[in-house]
Protein chains: 2
Amino acid sequence: MTAQRLQEIALRFFADKGYDGTSLADIAGAIGIKKPSIYAHYSSKLDLFLAVADTALHDYRQSWRRALDKGEALPADRRLQSLFEEMGEHFLADRTKLAFWIRLWVFPPADCPAGVRDAFQTLTGEYLAEVAAVFRAGMEQGRLRPGPADDLAHALFSLLVGFLIRAHAYQDTDHLRLLRQTWDCFMFGIKTEDG
Amino acid sequence: MTAQRLQEIALRFFADKGYDGTSLADIAGAIGIKKPSIYAHYSSKLDLFLAVADTALHDYRQSWRRALDKGEALPADRRLQSLFEEMGEHFLADRTKLAFWIRLWVFPPADCPAGVRDAFQTLTGEYLAEVAAVFRAGMEQGRLRPGPADDLAHALFSLLVGFLIRAHAYQDTDHLRLLRQTWDCFMFGIKTEDG
DNA sequence: CCTAACCTACCTAACGTTAGTTAGTTTATC
DNA sequence: GATAAACTAACTAACGTTAGGTAGGTTAGG
């Protein structure tokens, strides 16, 4: 299926050079067809982008849904850790996916309809709500310090995003070690008890 | 000075729509001159961009240099907090600056010469080294948990970046509260002592 | 069983627009 | 009157997009 291959290549280009920096000629050339042939499968450049973005959003939701389900039986603190690591590993496994995700969220193209941005925000909102619920459960169980669960969910998300951005910018290999290190700071703090 | 105004407007456009998404006609129109007149001040679009990027890099270095100097007398843990908050406030004070900074670091334009990216990396490397030194000092003073100082510096930087990205994406107002909340997580951890 | 119609996926050619850039000319300032 | 900074006009190249045509495979009718 050419439409599928177009999406794959388009994802790569959009992630790498951005929407404005990618030309249809680039995409067409990469799969060995000519530029106008793209229009047999997608009605416009934006249409192709939206198709790619749609699968990306789907993938994003699925990843944290799965991560949430996976640690369901764990105590709250371990579950948060699992969530954090699962999401980190998911995006670390595919650098192209990661770059596209960041671009779509942080710098969506000007042509991008508001609906797509809203979809992203809504998705992240749902995710944050779920994480906050885990925080609350952990506090009730006495395994987590009492505090504002919503803010803590945001803080954890910030940490994840910062880590992912760092992983995108620096291409070194020991990301997972740093991911765990980062988690430990969040979990135990950096301050000594008597400090 | 038109050259100055050009840089200011260009910064705004580059931050908002990206390098590829910005046309010289846009920039020229915004300050009330015609497109070719730009060439009286900058030899090309890339030249203008590099001028903007250069000031941005300068500003970036200056901000963390000042933040480091400011808390010099503080104990290590308070100094780290001061560093974190100062940097956060610095970028939060100017959203345009923030957006350009993120774009330059995370998604530099394809035309952007490697030297600029390297300059950014070097600067951040210096910053991380300074932060790591503060961590080490704090550990020697017994005010911070012993641990891998370089990794901890990276973790703190990730946290800052994540927070800034979040601030860029969500335009709500209580950023400073969330910044402090995020810091407290890092400082004290989220886990109870007996958890 | 043949053939006529149709569909899909590609092609070439070309469209109109806009991009960054250059050349040559005018205006204003010191 | 020289110099800097603006202008108009125009160039080339690239963009997304449309039109029209062709080859191959599938379907329907006599």
Side-chain angles (χ1 to χ4, degrees), chain A residues 1-56 100 103-104 107-117, chain B residues 1-56 100 103-104 107-117:
Chain A
M1 202 57 169
T2 310
Q4 186 65 30
R5 278 209 299 159
L6 272 172
Q7 275 202 40
E8 288 165 13
I9 294 291
L11 169 71
R12 185 128 58 227
F13 272 98
F14 288 148
D16 202 39
K17 320 214 279 175
Y19 180 76
D20 291 318
T22 299
S23 80
L24 293 181
D26 287 338
I27 298 172
I31 69 165
I33 63 174
K34 293 298 157 66
K35 182 172 58 161
S37 303
I38 293 178
Y39 287 80
H41 307 275
Y42 299 95
S43 66
S44 68
K45 183 187 184 184
L46 185 61
D47 187 40
L48 172 56
F49 175 81
L50 291 180
V52 175
D54 209 57
T55 20
F100 185 85
R103 281 203 128 109
L104 181 61
F107 300 117
D111 303 352
C112 183
V116 177
R117 300 178 206 202
Chain B
M1 201 58 167
T2 310
Q4 186 65 30
R5 278 208 298 159
L6 273 171
Q7 275 201 40
E8 288 165 14
I9 295 291
L11 169 71
R12 185 126 61 227
F13 273 98
F14 288 148
D16 202 41
K17 320 214 279 177
Y19 181 76
D20 291 317
T22 299
S23 79
L24 292 181
D26 288 339
I27 298 173
I31 69 166
I33 63 174
K34 295 295 159 65
K35 182 173 57 162
S37 304
I38 294 178
Y39 287 80
H41 307 276
Y42 299 95
S43 66
S44 68
K45 183 186 185 183
L46 186 60
D47 188 39
L48 173 57
F49 175 81
L50 291 180
V52 175
D54 210 57
T55 7
F100 185 85
R103 281 204 130 107
L104 181 61
F107 300 116
D111 304 351
C112 184
V116 177
R117 301 178 205 203

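Residue numbering restarts at 1 for every chain, and letters A, B, ... go by the order of the sequence lines. Hydrogens, waters and symmetry mates are skipped; everything else that's a heavy atom, side chains included, is used. What you see is a predicted model, and the numbers here were worked out from it, not measured in a lab.
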Can you name the atoms? Protein N/O to nucleotides 18-26 of chain D N/O, anything below 3.5 Å, with the distance.
none

Identify each atom pair where a protein N or O and an N or O of nucleotides 1-3 of chain D are less than 3.5 Å apart, giving names and distance.
none

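Of the possible polar contacts, one joining the Arg103(A) side chain to the Asp16(A) backbone as a donor-acceptor pair under 3.5 Å is found.
Taking CD1 from Ile38(A) and OG from Ser44(A), the interatomic distance works out to 11.0 Å, rounded to the nearest 0.5 Å.
One interatomic measurement links the two molecules: NZ of Lys45(B) to P of dA13(D), which rounds to 19 Å at whole-angstrom precision.
The heavy-atom pair separating Val116(A) from Cys112(A) by the smallest distance is CB-SG, 3.7 Å.
By the side chain to side chain contact (heavy atoms under 4.5 Å, CB included) test, Thr22(B) pairs with Phe13(B), Phe14(B), Lys17(B), Ile27(B), sequence neighbours left out. In this structure Ile31(A) satisfies the side chain to side chain contact (heavy atoms under 4.5 Å, CB included) test together with Thr2(A), Arg5(A), Leu6(A), Ile9(A), Ile33(A), sequence neighbours excluded. Residues that satisfy the side chain to side chain contact (heavy atoms under 4.5 Å, CB included) test with Leu11(A), not counting sequence neighbours, are Val52(A), Thr96(A), Phe100(A). Residues meeting the side chain to side chain contact (heavy atoms under 4.5 Å, CB included) test with Asp111(A), sequence neighbours left out: Tyr19(A), Leu46(A).
Mapped onto DNA chain D by nearest heavy atom, Met1(B) and Lys35(B) fall at different nucleotides, with Met1(B) at the one closer to the 5' end.
Once you apply a 4.0 Å limit to the heavy atoms of chain A, the touched nucleotides of DNA chain C run 5' to 3' over dC10(C) to dA13(C).
Listed pair His41(B) / dA4(D) fails the phosphate criterion, with no side-chain N or O lying under 4.0 Å from OP1 or OP2.
In the region residues 2-30 of chain A, proximity to DNA chain D at under 4.0 angstrom, judged on heavy atoms, holds for Thr22(A), Ser23(A), Leu24(A).
The side chain to side chain donor-acceptor pair (under 3.5 Å) analysis of residues 24-42 of chain B, with sequence neighbours excluded, yields the pairs Gln7(B)-Tyr42(B), Ser23(B)-Asp26(B).
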